[in-house]
Amino acid sequence: MRNNIDGHFLLIGLMAYPIRHSLSPQMQNTIYSKLKVPYVYLAFEVDQKKLPDAIKGIRALGLRGSAVSMPNKQLVCQYLDKLTPAVEMSGACNTISNDNGVLTGYNTDGMGYMRMLKEANIDIIGKKITILGAGGAATAIVVQAALDGVKEITVFNQKDECYTKIETIAKKLNHNTQCDVCVFDLADKDQLRKEISDSVVLCNATGVGMKPLEGKSLITDPTMLPPDLVVTDCIYSPRKTKLLEIAEQQGCKILNGIGMMLWQGAAQIKIWTGEDAPIDYVKEQMGFND
Ligand code: NAD
C-alpha cells in the first residue's frame with residue numbers, strides 16, 4: 001500500500017460494471033509504485049446510466065484519464081472530444097486521456113496484441129493473419145492490424161450480431177486502409193483450413209477455451225495447424241487453452257493472452273504518464289511468468 005500520497009498525485013479511473021473482479025487496479029498501481037510516479041488508479045462501478053456524469057467528473061475533478069470497460073466501450077465515444085483512428089474505425093474506446101480538459105479516446109487492446117507479437121519477434125506487417133471471433137477483442141485486433149500494415153486478414157465468426165458488425169467494419173477498413181479484410185462463416189471448415197494454410201498467425205479472440213467453455217477449441221483437427229503457424233489465444237485463464245495445447249503438439253509457436261493484456265496496460269501507462277512500463281517486473285509481481 002502506498003503511504004506517500006500527497007496533494008500532487010493524480011487520479012486515473014476505471015469505469016465499468018461489474019468491475020470489482022478486475023486485476024487492472026493491482027497491475028496499474030504496482031507499476032506506478034515501481035516507477036515512482038504520482039498517480040493512483042481506482043476502479044469505479046459505472047454503468048451506462050451513470051456514464052455521462054462520470055465523464056463530466058473526469059473533467060470537473062481533473063482526472064488524468066480513465067480506462068473504460070464493458071458496458072461502456074462503445075457508448076463513451078460520443079462524450080469525448082477526439083478519437084484515434086482505431087477508435088473511429090472500431091467504434092470502441094477502452095482508454096481516455098485528459099489533456100488540459102480535452103478528452104481523447106484510444107483503444108489499447110489492439111495495440112497490446114500487436115506489441116505482444118513484436119516482443120515475440122513475430123512479424124505480421126505485409127502478411128496475412130486469420131482471426132476467430134468478431135467481438136470486442138477481435139475487432140480491436142483487426143482494426144489495429146489493418147492500420148499497422150497487415151496485408152490481409154480473414155475473420156471467422158458464427159452468424160450472430162458480431163458477424164454483421166465486423167462485416168461493416170471490414171468494409172470501412174477495405175475502403176480506408178491497404179489491408180484486405182474478408183469475413184467468413186465459422187461453420188465453413190474447408191474455407192477456414194484454406195485461409196489458415198497461408199496465414200502466418202492464427203488468433204482465437206472468442207471465449208471458447210475459457211469458462212464455461214474451458215477444454216473446448218474451435219479447431220479440433222490438428223492437421224489444420226501447420227507447424228510453421230504461430231497460434232495465439234486472447235484467453236489468459238487458463239494459461240494454455242485446448243487450442244494452444246493442440247497447436248503446441250503440432251509444433252506451432254504458441255502465445256496466450258497475458259502478453260496482450262500486459263502490453264495493452266503498458267500502452268495506457270505510456271498515454272497517461274509518458275513512461276515505459278516495467279513489464280518483466282509486473283509479470284513477476286502478478287505471478288504471470290509462464
Ligand atoms: P465478446 O463477447 O465481445 O465477443 C465474443 C466473441 O466470441 C464473438 O465473436 C462471438 O461470436 C464468439 N463466440 C462466443 N461464443 C462462441 C461459441 N460458442 N462458438 C464460437 N464463437 C463464439 O468478447 P470479447 O471481449 O471480444 O472477448 C473475447 C475473448 O478475448 C475472451 O476470452 C476474453 O477474455 C478475451 N480478451 C482478452 C484480452 C487480453 O488482453 N488478453 C482482452 C479482451 C478480451
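All ligand and atom numbering here is 1-based and tracks the order in the structure.
Protein heavy atom closest to atom 28 (C) of ligand 1, with residue, atom name and distance, is A205 O, 3.4 Å. Distance from atom 42 (C) of ligand 1 to its nearest protein heavy atom, with residue and atom name: M260 CE, 3.8 Å. With respect to atom 30 (O) of ligand 1, the closest heavy atom belonging to the protein is C234 CB, 3.5 Å. Counting only heavy atoms of the protein, atom 33 (C) of ligand 1 lies nearest to M210 SD, 4.3 Å. In terms of protein heavy-atom proximity, atom 15 (N) of ligand 1 is closest to Q158 NE2, 3.9 Å. If you check which protein heavy atom lies closest to atom 26 (O) of ligand 1, you get A137 N, 2.8 Å. For atom 7 (O) of ligand 1, the closest heavy atom belonging to the protein is T206 CB, 3.3 Å.
Between atom CD1 of residue I219 and atom NZ of residue K242 there is a gap of 13.5 Å, rounded to the nearest 0.5 Å.
Note: no N/O pair closer than 3.5 Å links L213 and ligand 1 by distance alone. When only interatomic distances are considered, the shortest N/O to N/O separation between Y236 and ligand 1 does not fall below 3.5 Å. For the pair G135 and ligand 1, the shortest N or O to N or O distance falls below 3.5 Å. No N or O atom of Q264 sits closer than 3.5 Å to an N or O atom of ligand 1.
Nearest residue to atom 10 (C) of ligand 1 from V208, L186, D160 is D160 (criterion: closest heavy atom). Considering only non-hydrogen atoms, atom 8 (C) of ligand 1 lies nearest to C162 out of G112, G136, C162, G110.
For A134, the closest heavy-atom approach to ligand 1 falls below 4.0 Å.
A salt bridge does not link E88 to K172: none of the charged nitrogens lies less than 4.0 Å from a carboxylate oxygen.
A donor and an acceptor atom, one from each side chain of S97 and R64, are located under 3.5 Å apart. In summary, the side chains of Y17 and S69 do not present any donor paired with an acceptor at a separation below 3.5 Å, with no hydrogens or angles considered. Between the side chains of E195 and T130, not a single donor N or O lies within less than 3.5 Å of an accepting N or O. Side-chain atoms of N256 and D233 form no donor-acceptor pair, as typed in the model, at a separation below 3.5 Å.
Distances below 4.0 Å separate heavy atoms of G257 from the following atoms of ligand 1: 39 (C), 41 (N). Within ligand 1, counting atoms from 1 as listed, the ones closer than 4.0 Å to a heavy atom of G133 are 9 (O).
Checking D180, V201, D198, I196 one by one against K128, the side-chain contact (heavy atoms from CB on, under 4.5 Å) holds for a single residue, D198. Among Y39, Y41, F44, the single residue meeting the side-chain contact (heavy atoms from CB on, under 4.5 Å) criterion with L11 is F44.
In this structure, atom 2 (O) of ligand 1 has no protein heavy-atom contact shorter than 4.0 Å.
Residue E214 places its CD atom among more than 12 non-hydrogen atoms of other residues, nucleotides or ligands, all under 6.0 Å distant.
Both tests pass for K34 against the ring of Y281: distance under 6.0 Å to the centre and angle within 45° of the axis.
Heavy atoms of L218 found under 4.0 angstrom from ligand 1 belong exclusively to the side chain.
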- Task: Step by step, work out the side-chain contact (heavy atoms from CB on, under 4.5 Å) result for T104 and D81.
- Result: CA-CA 6 Å; T104 304; D81 303 309; over 6 Å; no
